[in-house]
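For reference, the structure is listed below as structure tokens.
For ligands, and for the atoms within them, numbers begin at 1 and follow the listed sequence.
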Amino acid sequence: MEKIEHIGIAVSDLEASNKLFAALFGQAHYKMEEVAAEGVSTSFFKMGESKIELLEATNPDSPIAKFIAKKGEGIHHIAYLVKDIKAEMRRLANEGFTLLSEEPKLGADNKLVCFLHPKTTNGVLIELCQEREI
Ligand code: ZN
């Protein structure tokens with residue numbers, strides 16, 4: 001894995017949180033993007049080499065809605081940048097980690113992504129992401 005690409009934070013009101021985190025970081029978000037397949041609206045802040053991704057549910061069945069109902073707002077996942085997501089998925093499956101999808105999915109920010117089940121990673125939801133080649 002290359003670096004922490006971003007940290008995902010579940011929020012219940014993206015507009016309010018955009019203002020809150022802009023005040024906290026001293027800079028505004030630089031983009032917003034909806035990932036309809038995952039039922040989320042996202043907003044990104046630059047943080048040096050990494051990013052902070054705010055996630056708001058767009059429907060009640062969204063994983064973010066379920067997360068907030070169970071645990072409240074807060075840190076939702078840590079995303080690691082990888083060069084070859086399929087190779088990393090194979091490697092981690094062989095190491096005994098549970099992958100949440102068999103194939104990489106399209107994520108926000110032009111990335112291919114795959115999540116690891118938190119039950120195999122000490123309760124931390126891990127996202128692997130790879131830059132998509134266009
Ligand atoms: Zn993410």
Below 2.8 Å, can you find an N, O or S atom of [X] next to the Zn ion (ligand 1)?
X   : value
H76 : no
E53 : yes
H6  : yes

key: Closest non-hydrogen atom pair between A108 and E53, with its separation   =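 Closest approach of A108 to E53: CB-OE2, 4.1 Å.
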Between [X] (side chain) and [Y] (backbone), is there a donor-acceptor pair under 3.5 Å?
X   : Y    : value
S62 : G39  : yes
H29 : K31  : no
E33 : D109 : yes

query = Considering only N, O or S atoms, which atom of E127 is nearest to the Zn ion (ligand 1)?
reply =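 Distance check against the Zn ion (ligand 1) picks out OE1 in E127.
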